[in-house]
S.K.: 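Shown below is the structure under consideration.
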Amino acid sequence: MSDPAISPDRFYVTTPIYYVNDRPHVGHCYSTLLADTVARFMRASGRDVFFLTGTDEHSERVASRAAEEGMTPIQWADRNAGLFKEAFAKLGFTNDDFIRTTESRHKDLVTRYVRTLLEQGDVYLGEYSGWWDHSQEEYLTETMAREHGFKSPVTGKDLVKRTEKNYFFRLARYQDRLLRHINENPGFIRPEARKNEVLGRLRDGLQDVPVSRGGAGDGGAAAWGIRMPGDEGHSIYVWIDALFNYLSVVDTRERRAYWPADVHLIAKDILWFHAVIWPCLLMALGEELPKCVYAHSFWIREGRKMSKSLGNFIDMETIDAYCDRYGTDALRWYLLTQGPMGATDADFSYAKFVEVYNADLANGIGNAASRVINMIHKYFDGKCPSAPSDSDDNARPLPGRARDAAFRVSACMGENDIGGALSAALGLSNAVDVFINDTTPFKLAKDPANMERVGHILYDCVESIRIAAVLLSCALPEKMGALLGMMGQPVPMDDGSFEEPLDKLCEWGRLKAGDAVTKGEGLFPRADGADPEPGSR
RNA sequence: GCCGACGUAGCUCAGCUGGUUUAGAGCGGCGGAUUCAUAACCCGCAGGUCGGUGGUUCGAGUCCACCCGUCGGCACCA
């Protein structure tokens with residue numbers, strides 16, 4: 001595939017690093033799954049992929065929460081970071097690294113970056129004044145404070161006006177350059193609606209932003225963060241610390257070439273930091289900017305936002321229950337095809353899950369594979385029949401469909417359009433269904449004189465299924481691996497790549513007459529929506 | 001309060017700079033055909049005042065105004 005959207009060589013994809021006070025839930029899994037799917041696809045395409053995820057650990061609240069739990073901050077962080085690692089491993093994610101911001105490889109570089117900014121005058125000591133919510137250890141903006149009657153929105157306690165010395169980053173200095181970059185690179189902030197949001201706010205102008213917190217010297221919660229270079233009394237504000245992870249992890253001799261990132265996958269709530277502050281920090285450091293910041297929306301539950309107070313998170317228990325009953329791939333498929341990749345939130349619903357599972361997987365690729373393999377068994381003793389000679393193409397729609405599908409999948413993936421890619425791939429298996437109905441090999445097979453023709457038909461079918469399986473493997477690694485195995489074909493390795501690049505594998509005609517095709521278990525047994533939702537009690 | 005998004009068939013959504021149609025797709029539903037297959041597949045149908053009102057225009061889901069409804073962001077919680 002010589003698709004221009006996909007340049008060769010390296011590919012670097014990141015997820016947010018997750019707040020280590022959280023417990024992993026569907027939101028974290030979704031962001032990481034998107035990255036995993038893209039990473040698998042790019043590896044299969046032959047690119048040198050680096051896929052990064054991790055945890056953000058220097059929030060002052062981590063320190064205070066740890067104290068509540070009777071642990072040291074690092075003990076608490078260790079435990080929770082472990083939960084994320086465990087969750088992601090269970091889902092088979094193929095991240096190449098997992099950064100924790102408390103690791104020295106990160107901290108050392110953050111210190112270096114900030115020192116550089118200080119020396120250049122991009123960071124300076126100034127004064128910050130705002131409404132301090134002591135109970136939450138955070139400042140509120142003037143508007144927020146007024147809205148809540150100058151009381152803590154959480155605890156209702158009085159806010160106090162507080163002024164402190166702070167280090168600021170000269171964000172305003174980079175406003176024009178950022179604006180130009182956004183306008184000259186339409187794909188920089190995606191989707192479109194998010195870009196417009198940023199442009200709208202940019203019209204109001206940028207102010208310099210604080211990048212430090214005081215009180216680091218007195219052993220308080222701020223002491224947990226990375227110290228401000230040359231000023232032990234301040235620690236680097238956790239957001240700044242966190243953003244640098246994308247660079248720090250690859251800022252090594254071996255990994256430097258991965259930068260700039262091809263895509264930062266994030267959720268919409270952290271758009272501002274990634275689409276404005278982060279690029280400006282990079283500009284100040286003279287670094288190239290990431291090619292794309294892609295902000296997806298949220299999973300919601302029965303029309304309502306998932307929140308602690310409602311206790312309606314899709315937690316790991318529920319996710320595990322879905323995986324146990326339907327397979328990890330089934331959950332991956334649901335999240336990938338029904339998820340909030342666009343500007344609007346998506347509802348997580350069991351009914352929808354069953355619908356999509358049955359329509360796409362059980363009745364779709366699963367059934368198509370089953371009927372083709374079954375006929376090969378029935379009529380050709382489980383041996384791949386021989387391919388038709390390549391004359392009359394108009395009677396053979398599938399080779400063209402396969403080529404088309406491969407092209408479209410790769411074009412879509414190049415634009416982070418995972419949904420489009422998967423529907424193009426699934427379309428190939430649907431085309432097989434139509435072809436079988438049109439050509440009726442099962443009828444022809446009743447007359448032995450037709451067997452050559454039947455073989456030709458089934459060859460096109462099984463070859464198309466093979467290619468569909470290859471194309472779907474980034475989303476359904478386990479099941480498509482099993483399917484390819486049934487056809488005696490190479491299966492994807494643990495990281496999603498194959499021994500040969502995708503474009504080779506998608507060439508028509510790799511299956512040869514006589515290759516054994518084995519019947520396996522049904523890939524996706526039909527789901528019964530009458531069963532109770534997995535994980536419900 | 002400020003900025004913005006959205007409101008199109010039962011559900012989820014496409015419809016870019018206004019005139020390719022009697023407004024589309026997928027899923028669900030209904031009918032038909034078929035039997036290789038996981039009661040699957042294939043074919044056909046389903047008639048939604050395109051949130052409301054008023055405008056601009058020869059002509060508007062597609063532009064403007066206002067209204068109603070839902071939602072998001074507003075920079076030190078990540």
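Note on naming: letters A, B, ... go to the chains in the order of the sequence lines (proteins, then strands), and numbering restarts at 1 for each one.
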S.K.: Among B/A78, B/U38, B/A37, which nucleotide has an atom closest to any side-chain atom of A/Arg371?
M.R.: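 Output: B/A37.
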S.K.: Verify the distance criterion only: is there a donor paired with an acceptor across the side chains of A/Tyr18 and A/His25 at less than 3.5 Å?
M.R.: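 Looking only at side-chain atoms, A/His25 and A/Tyr18 do not form any donor-acceptor pair under 3.5 Å.
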S.K.: For A/Asn374, answer base if it contacts any base atom (sugar-phosphate contacts may also be present), sugar-phosphate if it contacts only those atoms, and nothing otherwise; contact means non-hydrogen atoms under 4.0 Å.
M.R.: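 A/Asn374: backbone/sugar contact only, no base atoms under 4.0 Å.
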S.K.: Considering heavy-atom distances to RNA chain B, does A/Asn196 or A/Asn430 have its closest nucleotide positioned more toward the 5' end?
M.R.: A/Asn196
S.K.: Could you check whether A/Pro441 gets within reach of a base, just the sugar-phosphate, or nothing at all, counting any heavy atom under 4.0 Å?
M.R.: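 Nothing, no heavy atom under 4.0 Å.
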S.K.: Let's test this: given Watson-Crick or G-U wobble pairing with both distances under 3.5 Å, identify the partner of B/U20.
M.R.: none
S.K.: In terms of side-chain heavy atoms of A/Arg194, which of B/G72, B/A40, B/C42 is nearest?
M.R.: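 Selected nucleotide (nearest to the side chain): B/G72.
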S.K.: A/Leu171 side chain: which of B/A75, B/U12, B/C43 is closest?
M.R.: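 Between B/A75, B/U12, B/C43, the one nearest the side chain of A/Leu171 would be B/A75.
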S.K.: Name the closest nucleotide to the A/Phe442 side chain, picking from B/C77, B/U35, B/G73.
M.R.: B/U35
S.K.: Could you please name the partner base of B/U12, counting Watson-Crick and G-U wobble pairs only when both distances are under 3.5 Å?
M.R.: B/A25
S.K.: Out of B/G26, B/A37, B/C74, which has the shortest distance to the side chain of A/Lys352?
M.R.: B/G26
S.K.: Start at the 5' end of RNA chain B and walk down; is the nucleotide closest to A/Val356 or to A/Gly364 reached first?
M.R.: A/Val356
S.K.: So what does A/Gln207 hit on the nucleic acid, given a heavy-atom distance under 4.0 Å: a base, only sugar-phosphate, or nothing?
M.R.: base
S.K.: A/Phe273 has a side chain; which of B/G26, B/A75, B/A40 sits nearest to it?
M.R.: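 Given the options B/G26, B/A75, B/A40, the side chain of A/Phe273 is closest to B/A75.
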S.K.: Of the nucleotides B/C36, B/C41, B/A75, which has the atom closest to the A/Asn367 side chain?
M.R.: B/C41
S.K.: Can you tell which of B/A78, B/C27, B/A40 lies closest to the side chain of A/Glu355?
M.R.: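 Nearest to the side-chain atoms of A/Glu355, counting from C-beta on, is B/C27.
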S.K.: Assess A/Lys195 against A/Phe188: is NZ or CZ under 6.0 Å from the centre of the six-membered ring, and within 45 degrees of the ring's axis?
M.R.: no
S.K.: Would you call A/Arg100-A/Asp78 a salt bridge at under 4.0 Å N-O?
M.R.: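 Salt bridge between A/Arg100 and A/Asp78, a charged N being under 4.0 Å from a carboxylate O: yes.
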S.K.: In Watson-Crick or G-U wobble terms, both distances under 3.5 Å, what is the partner of B/G44?
M.R.: B/C30
S.K.: Among B/C77, B/A75, B/A78, which is the nearest nucleotide to the side chain of A/Leu206?
M.R.: B/A75
S.K.: Report the base-pairing partner of B/A65 (Watson-Crick or G-U wobble, both distances below 3.5 angstrom), or none.
M.R.: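 Because both required distances fall under 3.5 Å, B/A65 counts as paired with B/U53.
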S.K.: Name the pairing partner of B/C2, where a pair is Watson-Crick or G-U wobble with both distances under 3.5 Å, or state none.
M.R.: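 Across all strands, the one nucleotide that pairs with B/C2 is B/G73.
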S.K.: How would you label the contact of A/Ala362 with the nucleic acid (heavy atoms, under 4.0 Å): base, sugar-phosphate, or nothing?
M.R.: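 Base: the residue A/Ala362, judged by heavy atoms under 4.0 Å, touches a nucleobase.
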S.K.: Is there a donor-acceptor contact under 3.5 Å linking the side chains of A/Ser212 and A/Asn166?
M.R.: yes
